[in-house]
2 protein chains.
Amino acid sequence: MDKMVVKGDIAFTSSKDKLDIYEDAYLIVEDGQVVKISKNLEESYKDYPVEDYTSKLIIPGFIDIHLHAPQYPNMGLGLDKELIPWLETYTFPEEEKYGDLEYSRRVFTRLINDLWRFGTTRSVVFASIHKESTKLLMDLFVESGLGAYVGKVNMDRNTKKELTEDTNQSILDTEEIIKEYNDKSDLVKPIITPRFVPTCTEGLLEALGNLAIKYKVPVQSHLNENTSEVIWVKELFPNSKNYASVYDDYNLFGQTKTIMAHCIYNTDEEIDLMAQNGVYAAHCPYSNYNLSSGIMPLRKFLDKGVPVGLASDISGGNSLSMMRIIAGAIQASKMKWLGTEKELAPLSFSEAFYLATKGGGSFFGKVGSFEEGYDFDALIIDDSPLTGIKDLTIEERLQKFIYIGDDRNIIERYVKGRKVRKPF
Amino acid sequence: MDKMVVKGDIAFTSSKDKLDIYEDAYLIVEDGQVVKISKNLEESYKDYPVEDYTSKLIIPGFIDIHLHAPQYPNMGLGLDKELIPWLETYTFPEEEKYGDLEYSRRVFTRLINDLWRFGTTRSVVFASIHKESTKLLMDLFVESGLGAYVGKVNMDRNTKKELTEDTNQSILDTEEIIKEYNDKSDLVKPIITPRFVPTCTEGLLEALGNLAIKYKVPVQSHLNENTSEVIWVKELFPNSKNYASVYDDYNLFGQTKTIMAHCIYNTDEEIDLMAQNGVYAAHCPYSNYNLSSGIMPLRKFLDKGVPVGLASDISGGNSLSMMRIIAGAIQASKMKWLGTEKELAPLSFSEAFYLATKGGGSFFGKVGSFEEGYDFDALIIDDSPLTGIKDLTIEERLQKFIYIGDDRNIIERYVKGRKVRKPF
């Protein structure tokens with residue numbers, strides 16, 4: 001049995017309303033999972049090897065539940081457009097390149113290094129339509145030691161010719177990846193990824209829903225990001241009740257576990273359906289700013305019990321740092337609060353931290369917390385460069401790290417109890 | 001005569017609508033000022049020493065026109081409150097400490113190091129009510145080689161006892177600093193700093209306006225940051241036309257050059273008065289998010305010809321990085337665009353870059369651009385860690401640096417032609 005003791009100032013959120021804090025405490029790990037946390041090292045663990053991070057913060061690894069790997073080279077570029085023209089001008093031309101495996105490798109190794117650097121221990125990722133490139137991305141994640149769901153994108157209409165798949169080939173490629181990768185790694189798994197309703201024919205949506213159920217594979221897509229997109233979907237599916245129900249009609253909305261990115265313009269009915277079906281919302285505040293999409297009414301989703309995680313959505317988003325995205329989510333929620341005549345309460349710090357750890361982590365199972373039985377996915381934070389002027393509580397030190405720290409403060413990363421080194 | 005040639009990829013904004021770009025060009029500096037930029041090195045400059053930054057970006061230093069030095073220890077803390085309770089709970093207790101010069105030195109040296117680190121070559125700064133601490137801050141700026149306006153804060157009512165000044169002493173202390181520092185340094189100057197209307201009696205405002213005019217000293221304060229503050233001012237000055245006119249009535253609104261921070265809830269009349277009097281607006285997007293203040297309708301100010309600069313406003317703001325504040329200003333303007341039924345156009349990249357350089361820089365004179373006669377305040381940017389996947393234009397490289405770069409990409413800083421080393 002693999003076992004260890006990790007010592008330091010421990011902070012996490014078992015529930016969203018407050019931080020669980022253990023000052024100068026011992027966290028026991030067996031076979032990659034948290035056994036317990038205690039103030040004193042009990043007799044029975046005294047022979048466990050100790051990783052001593054006294055005076056450092058120990059927090060769960062960050063979870064990014066929506067990002068586009070092939071858009072990495074565009075990060076920070078062209079953020080002066082709205083969604084649809086931005087896709088046409090910047091995104092689609094970049095995504096064409098991933099037939100080239102050498103280019104794919106160059107981009108993906110840098111992306112994975114950056115995820116590692118910013119302490120994102122698990123992520124849920126869109127690849128492109130390209131089968132071999134998607135497999136390469138999965139292989140590179142396995143090699144890295146980080147966790148990920150990776151989806152080959154499906155689209156067979158309403159996009160550039162170069163990115164339009166033959167429907168049958170799209171389905172065959174998707175099934176091939178599922179069969180090859182579904183049981184290959186416990187950290188890296190396939191996910192079914194219709195890009196979004198407008199780029200998928202009914203036949204494709206139906207086949208993908210069938211694959212999801214047949215192989216018990218999760219699903220990810222986009223929902224209600226932009227007002228013109230919402231109108232477009234209504235034109236394409238005039239008989240559907242709403243945007244969400246198009247996915248639902250094809251078994252792509254919680255029939256297996258599902259993430260929908262953005263959810264800015266959901267109707268109350270659509271939010272209810274997400275709650276009922278346990279569909280995750282991926283909140284991407286920076287992407288939603290950059291593409292002038294709007295601000296998601298996050299509080300409504302929390303109140304109705306929809307599971308929510310945070311996400312970078314690069315390259316609509318311009319940062320892989322979940323620290324910045326936590327701060328951005330709080331800031332966005334404050335603007336929403338003002339914009340709704342103070343009806344939708346802003347996020348507290350602990351709520352936002354929860355969303356970036358246990359909130360998104362729950363998509364992976366027992367991930368994102370240090371409760372008993374959770375995978376020990378953790379970051380060791382040396383916040384000393386940020387402090388040293390006056391005494392701070394552990395919660396205040398964590399706030400400082402999130403609001404003003406960066407990757408330099410993250411000195412170690414663990415996934416399932418294993419220390420993960422810089423991958424590439 | 002001091003002279004040099006600086007070589008590299010040069011980008012700046014002489015006007016806000018587009019970037020001026022000179023690829024692999026020579027910039028001639030004499031006595032700290034830009035003489036010209038040319039593609040080839042002319043014969044007459046061939047004996048000038050060359051600082052060769054080939055393939056690096058050369059851009060103007062950043063200008064931060066509103067920040068609170070004594071709030072530095074609170075940066076990233078307590079950002080879950082609105083303005084008034086945040087002042088009472090976090091800010092005022094911290095600002096009490098600056099009677100202690102040892103503490104002041106500890107904080108200010110770290111602050112100035114951080115300004116240097118993030119490439120902020122000039123800033124406009126609130127100190128606290130404490131005379132000696134304010135002088136220390138000015139001395140430390142002089143020692144650093146960075147430029148700054150520094151103001152001793154004045155407040156003689158409506159705050160904690162410990163921060164309430166005797167009106168006469170407040171005036172005497174302010175005058176003492178002005179006399180001692182007005183001609184001491186060409187880079188570091190005093191600025192008259194009534195905290196904001198609610199904490200100043202009429203007698204104090206009147207005396208400060210008189211000092212401004214007598215010594216030709218500029219002025220800074222706060223204006224229309226928060227709806228409850230606006231109501232409070234109306235109660236205190238029921239006979240004044242509006243918040244801005246209180247300052248104007250006391251010669252604190254453009255009678256000498258003036259900066260007003262925030263300006264979120266200005267009436268059209270108040271914006272017109274700013275334009276007429278040439279009063280600067282300091283736009284502080286992150287602070288305005290964090291304190292749930294709102295989003296300034298920046299486009300209106302630009303359209304009416306109000307001079308505008310960007311600002312960190314730490315510790316209401318949580319970052320000293322003007323790169324992040326440029327991105328934040330663009331993002332905020334996009335939310336404003338959506339919130340005004342697409343009436344107030346969002347900022348373009350060049351506009352936001354202009355505001356953070358020449359926009360705020362003009363408060364200092366010929367600062368923030370590389371046109372002839374401008375002070376050579378510059379940053380050398382090694383953006384190679386951000387690029388290398390595909391070919392980018394210089395504008396795209398600059399976008400990447402602003403949106404995804406950080407202080408590590410800034411490899412040299414110049415102020416008035418002098419290379420500035422890490423100060424402390």
Side-chain angles (χ1 to χ4, degrees), chain A residues 72-80 82 94 97 103 106-107 110 114 227 285-286 288-295 314-315 318-321 324 327-328 330-335 337-339 342 346-349 386-390 392 395-397 399-408, chain B residues 72-80 82 94 97 103 106-107 110 114 227 285-286 288-295 314-315 318-321 324 327-328 330-335 337-339 342 346-349 386-390 392 395-397 399-408:
Chain A
Y72 176 83
N74 282 339
M75 197 162 58
L77 292 183
L79 296 175
D80 55 352
E82 272 188 281
E94 181 63 33
K97 299 180 185 169
Y103 188 75
R106 192 137 50 97
V107 172
R110 283 184 62 161
D114 267 0
T227 47
Y286 283 115
N288 298 340
Y289 283 155
N290 287 332
L291 301 179
S292 300
S293 304
I295 299 176
I314 63 151
S315 70
N318 61 295
S319 176
L320 283 166
S321 162
R324 279 173 71 173
I330 297 173
Q331 292 166 341
S333 75
K334 289 175 173 181
M335 292 305 101
W337 177 68
L338 283 184
K342 308 196 177 181
L347 286 180
S348 67
F349 180 76
L386 310 176
T387 60
I389 292 175
K390 57 179 181 178
L392 299 174
E395 170 153 6
E396 287 173 329
R397 289 168 54 198
Q399 286 186 15
K400 279 238 174 210
F401 166 62
I402 295 296
Y403 272 104
I404 72 174
D406 63 31
D407 55 291
R408 284 168 279 198
Chain B
Y72 176 83
N74 282 340
M75 198 162 58
L77 292 183
L79 297 175
D80 55 353
E82 271 189 282
E94 182 63 32
K97 299 180 184 169
Y103 188 75
R106 193 136 49 97
V107 172
R110 283 184 62 161
D114 267 2
T227 48
Y286 284 115
N288 299 340
Y289 283 155
N290 287 331
L291 302 179
S292 300
S293 304
I295 298 176
I314 63 150
S315 70
N318 60 296
S319 177
L320 283 166
S321 161
R324 279 172 71 174
I330 297 172
Q331 292 167 341
S333 75
K334 288 175 172 180
M335 292 306 100
W337 177 68
L338 282 183
K342 308 197 177 180
L347 286 180
S348 67
F349 179 76
L386 310 175
T387 59
I389 292 175
K390 57 179 182 178
L392 299 174
E395 170 154 6
E396 287 172 329
R397 288 169 54 199
Q399 286 186 16
K400 280 236 173 211
F401 165 62
I402 296 294
Y403 273 104
I404 71 173
D406 64 30
D407 56 291
R408 284 167 280 198

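By convention in this document, chain letters (A, B, ...) are assigned in the order of the sequence lines, proteins followed by strands, and residues within each chain are numbered from 1.
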Taking side chain as everything from C-beta outward and backbone as N, CA, C, O, which of these in [X] sits under 4.5 Å from a heavy atom of chain A? Side chain, backbone, both or neither.
{"X": "B:Pro346", "answer": "neither"}
{"X": "B:Ser292", "answer": "both"}
{"X": "B:Leu338", "answer": "side chain"}
{"X": "B:Ser293", "answer": "backbone"}
{"X": "B:Phe401", "answer": "neither"}

> Is the backbone N or O of B:Leu77 less than 3.5 Å from a side-chain atom of A:Lys400, with the two atoms forming a donor-acceptor pair by type?
Replying inline: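 The answer is no, because no donor-acceptor pair under 3.5 Å joins these two groups.
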> Where does A:Thr387 contact chain B at under 4.5 Å (heavy atoms): side chain, backbone, both or neither?
Replying inline: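 Only the backbone of A:Thr387 comes within 4.5 Å of chain B.
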Which atoms form the tightest heavy-atom contact between [X] and [Y], and what is the distance?
{"X": "B:Arg408", "Y": "A:Asp407", "value": "NH2-OD1, 2.6 Å"}
{"X": "A:Lys334", "Y": "B:Tyr289", "value": "CD-O, 3.3 Å"}
{"X": "B:Arg106", "Y": "A:Gly388", "value": "NH1-O, 3.6 Å"}
{"X": "B:Arg110", "Y": "A:Leu386", "value": "NH2-C, 3.8 Å"}

> What is the distance from atom CG of A:Asp114 to atom CD1 of B:Ile404, rounded to the nearest 0.5 Å?
Replying inline: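 The CG atom of A:Asp114 sits 7.5 Å away from the CD1 atom of B:Ile404.
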>> Can you tell me how far apart CD (B:Gln331) and CD (A:Gln331) are? Round to the nearest 0.5 Å.
In response: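 Answer for the CD-CD pair, B:Gln331 versus A:Gln331, is 9.0 Å.
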> If you count heavy-atom pairs under 4.5 Å with chain B, which of A:Val107, A:Ile330, A:Asn74, A:Leu79 comes out on top?
Replying inline: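 The answer is A:Leu79.
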> Side chains of B:Met75 and A:Tyr403: closer than 4.5 Å at any heavy-atom pair?
Replying inline: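 B:Met75 vs A:Tyr403: side chains apart.
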>> Test of understanding: with salt bridge (charged side-chain N to carboxylate O under 4.0 Å, His left out), list the residues that count as partners of A:Lys97, not counting sequence neighbours.
In response: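 For A:Lys97, the residues satisfying salt bridge (charged side-chain N to carboxylate O under 4.0 Å, His left out) (neighbours in sequence not counted) are A:Glu94.
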> With sequence neighbours left out, what residues match B:Glu396 under salt bridge (charged side-chain N to carboxylate O under 4.0 Å, His left out)?
Replying inline: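 If we apply the salt bridge (charged side-chain N to carboxylate O under 4.0 Å, His left out) test to B:Glu396, skipping adjacent residues, there are no hits.
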